[in-house]
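Computed from heavy atoms alone, side chains included, the values below leave out hydrogens, waters and symmetry copies. Because the structure is a prediction, the values reported are computed rather than measured. In what follows, residues are counted from 1 in the order of the sequence shown.
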Amino acid sequence: MSIDAVVFRRPALLTLAALLGLFLTSQSFAQNGSSLSACLRTWLALDAPPGWEHRATDALKRRGWTRDALGNVILRKGSGSPRRVVACALDRPAFAVTEITEEGYLRLREIGGGGRQHPLFTQFHEGQRLRVLTRKGGIVPAVAIVKSTHLQGARNPNAAVTRLDDIWVDVGATSKADVKRLGIDMLNPVVRESRGWSYGENDNYVAGQLAGIRVGCGLLAAVAEGEVASGETIFLLTTLRSFGHDGLEAALRSLGKVDQVTLIDAGETTNSVSQRKVEKPAYLPESTGLTSLNVLSVRVRYPCSLVETVDLADAAGLQSEIEKAAGITKRSRIDQTAACSLMREGPDISRAWESDAFSATATLLTKFADVYSVSGHEQDMRSAVLAALPQWARALAKTDAAGNLIVEAGPDRDPVMFIAHLDEVGFEVTNIAADGTVSLRTRGGLFPSLWEGQPALLHFDPPANSSDRAKSPLQGVFIPRDTATAKQPEALTAWFGMDGAALAKQGVVNGLAVTAFKEATRLAATRFTARALDDRAGSSALVLAAKRIDPSTLKRKVILSWSVREETGLEGAIAMSKHYGPLVKRVYSIDTFVSSDSPAETTRFAYAPLGQGAVIRGLDNSSIAPPAELERILNIARAQNIPMQVGATNGGTDGSDFIRYGVLHAGLSWPGRYSHSPVEVLDLRDLQALERLIHAIAIAP
């Protein structure tokens, strides 16, 4: 039986007192579950790596809490006897910068890690968004690199689980000096980017790293705003749990004798909340006069993963136990306490470039990249492209029977066609189990390990033959394995906080798309990261080129098109080629050049450095550019001073199906790192060069 099945099973019997307490608290939770979720999500999202807990506690100092030399924050309420201590540790394992390479990459080692760790903890960070915390309080967006799916050829299903030696961090720098200019120094903490996550039919589950403890810390801070009936209660939010609770031990040593210590910490339990006595823990100093302390633990699902999950009903039980341990008589409405609004983030370094030479390009790319559009479910992306086109192109746009978006302009001679694609890789539902576990199949080539143990979204399609928008997606999680000896899971499943019957009521059926949450951002001055840059960058370049075109001056027929289902076998392009193949003279695929410009890859081929211009994709698995056409494109680029590269990579593109009709084909690209991952990276200078190249070819005599 899996760990999550053991720790999440509800007890068959509860005492009358326990039932009454749970009922009273859960009623207030049920009345405002979403606002409570929002409150607890702020605590789940706090950046507080070991030694840097002050990032999470500065605001508490303005609410009467004090901070000691080790960063523990303390609030005393009441006086006299008994003297109680209620404590919770804020820190959780993270990484530290231990090398900055000459090429501008970061290498890491763990910070802390005391206590149980998930066997896939490091792997859960590969191919994901990270944050580097600087000493001046800033946040530098970063990504943990991963091999490009396209460049791996024969994939090894038994590849070893990712180790820290495999992790390199890309902050968008090109040198060690660039890294320093971003404010990054040795030993800066590196954490998984997280804003907290909630899901379930009534938003009744919250998830995040060490969610059980973080929920406890949030509840402790809120309970501390209540009234102590008698005696003194000392509330502690402590540091250095990852180093054997050193912060707690130091705080207790400073307090002298106390009558009771209660610690909110992790622990396996089949009950909503467990309370156990721990005899003589190493961190309990003799100066307290105690030989044991009480540990409170809330039940969790997916323990020690980045999507460790707490049910709000169980959080209600934990709140009740904290109030008892603290001697609080006035029950707190948690979501209305100041503890829900205290937290502040540092400045995000990516905002420093909101108004520069690349901001217009980045704005459109962000708009497109943040759209969800799995192969076969491209409606929203097609609408986004249509809305972004200049007026002349919108007026001429049409959608064919396959779902491709097409714009034709110019006189009916010497037709040339440009094709980007609307879809992205992802998953579709294949089965819904009675307990709500959703089985998935991949749509396009990807590494399932990059989605395992991450937040999930289940998307609804808009109603057929209707202008109504689709329902909002369901939030959930991709279920992590409890143990692993191989990198890739044999199958990937997801859970959305409800059983199969509830999912059916929501309208969930086989064939719906499932993805992960995403949010595009800039890296350093010119780099950009998002999921589905393949091919949102191509779509952006094509739209931006259309904005440059004056259709009344065109010398030939120019066809701009955006295909569907490219990732699942060029299906949209095949449909287009049946009509346009006998008509067009040249076709250009606007798609990524999967570059080996990464320390994870061999540079034997596919080496096109980021920042050195657009790329002619002269050779891939499905086509080769005719030498005369390649030279023609280079001459056009030279005439316009457009920086260009030429290379060979893997994969295939939409235009390749036109070749069998006698059409000349070449790929026009930008170099991209980490293909088909959540953290694809490009350089905005290359995308602007590609935009100019498309325009130059379209208007060339």
Side-chain angles (χ1 to χ4, degrees), residues 150 400 402 404-408 410 413-423 534-535 537-539 541-542 545-546 556-595 605-606 608 613-637 642 644-672 675 689-700:
H150 294 82
D400 68 12
N404 303 300
L405 181 64
I406 303 166
V407 176
E408 297 184 32
R413 63 173 179 267
D414 192 25
V416 60
M417 190 172 199
F418 300 88
I419 310 177
H421 66 86
L422 297 169
D423 59 323
D534 174 13
D535 190 29
S539 294
L542 205 49
R556 61 169 61 84
K557 173 70 66 71
V558 174
I559 305 167
L560 311 178
S561 62
W562 290 263
S563 72
V564 295
R565 302 188 299 284
E566 189 268 356
E567 300 291 3
T568 52
L570 314 183
E571 296 174 36
I574 290 171
M576 271 196 290
S577 69
K578 291 176 181 178
H579 175 71
Y580 287 101
L583 303 177
V584 300
K585 303 298 184 182
R586 293 181 174 87
V587 64
Y588 301 100
S589 299
I590 313 301
D591 208 337
T592 184
F593 181 94
V594 180
S595 177
F605 79 112
V615 187
I616 300 175
R617 184 168 166 156
L619 171 64
D620 61 23
N621 298 85
S622 62
S623 68
I624 182 169
E629 182 61 22
L630 191 151
E631 191 62 30
R632 177 177 173 273
I633 297 169
L634 287 173
N635 285 335
I636 291 173
I642 300 171
M644 287 296 303
Q645 306 179 71
V646 178
T649 190
N650 278 348
T653 57
D654 280 327
S656 62
D657 195 68
F658 286 71
I659 298 171
R660 59 196 177 100
Y661 294 95
V663 180
L664 297 178
H665 170 248
L668 307 181
S669 305
W670 70 94
S675 70
L690 177 59
E691 166 203 339
R692 292 176 58 208
L693 180 65
I694 295 168
H695 175 251
I697 293 173
I699 66 171

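How far CG of Asp534 is from CH2 of Trp670: 6.0 Å, rounded to the nearest 0.5 Å. To the nearest 0.5 Å, the span separating CG on Asp400 from CG on Leu405 amounts to 9.0 Å. To the nearest 0.5 Å, atom CD1 of residue Ile616 and atom CG of residue Leu690 are 11.0 Å apart. To the nearest 0.5 Å, the span separating OG on Ser561 from CG on Asn404 amounts to 7.0 Å.
Qualifying salt bridge (Lys or Arg N to Asp or Glu O under 4.0 Å) partners for Asp414, counting only residues two or more places apart in sequence or in other chains: Arg556. With sequence neighbours excluded, the residues that form a side-chain contact (heavy atoms from CB on, under 4.5 Å) with Ala689 are Ala614, Ile642, Pro643. For Ser622, the side-chain contact (heavy atoms from CB on, under 4.5 Å) criterion is met by Asp620, Ser656, not counting sequence neighbours. For Glu629, the salt bridge (Lys or Arg N to Asp or Glu O under 4.0 Å) partners two or more places apart in sequence, or in a different chain, are Arg586, Arg632. Residues passing the side-chain contact (heavy atoms from CB on, under 4.5 Å) test with Ile697 are Phe418, Tyr588, Ile633, Ile636, Leu668, Leu693, sequence neighbours excluded. When the side chain to side chain donor-acceptor pair (under 3.5 Å) test is applied to Ser539, no partner is found at least two apart in sequence or on another chain. Applying the side chain to side chain donor-acceptor pair (under 3.5 Å) rule to Ser563 yields the partners Asp654; only residues at least two apart in sequence or on another chain are considered. Applying the side-chain contact (heavy atoms from CB on, under 4.5 Å) rule to Ile624 yields the partners Leu619; only residues at least two apart in sequence or on another chain are considered. For Asn621, the side chain to side chain donor-acceptor pair (under 3.5 Å) criterion is met by no residue, not counting sequence neighbours. Applying the side chain to side chain donor-acceptor pair (under 3.5 Å) test to Asp535 and every residue at least two apart in sequence or in another chain returns nothing.
Using a 4.5 Å cut-off on side-chain heavy atoms (C-beta onward), Leu560 and Ile406 make no contact. Residues Ser669 and Thr592 fail the side-chain proximity criterion, which asks for heavy atoms closer than 4.5 Å. With contacts defined as side-chain heavy-atom distances shorter than 4.5 Å, the pair Val416/Lys585 does not qualify. Looking only at side-chain heavy atoms (C-beta outward), Phe593 and Gln645 stay at 4.5 Å or farther from each other.
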Do any side-chain atoms of residues 573-584 form donor-acceptor pairs under 3.5 angstrom with protein atoms, and if so which ones, sequence neighbours left out?
residue, atom, partner, partner atom, Å
Ser577, OG, Ile574, O, 2.8
Ser577, OG, Asp657, OD2, 2.5
Tyr580, OH, Glu408, OE2, 2.4

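Pairs engaging residues 558-569 under the salt bridge (Lys or Arg N to Asp or Glu O under 4.0 Å) rule: Arg565-Glu571 [sequence neighbours left out].
For the residue pair Thr649 and His150, no side-chain donor N or O sits within less than 3.5 Å of a side-chain acceptor on the partner.
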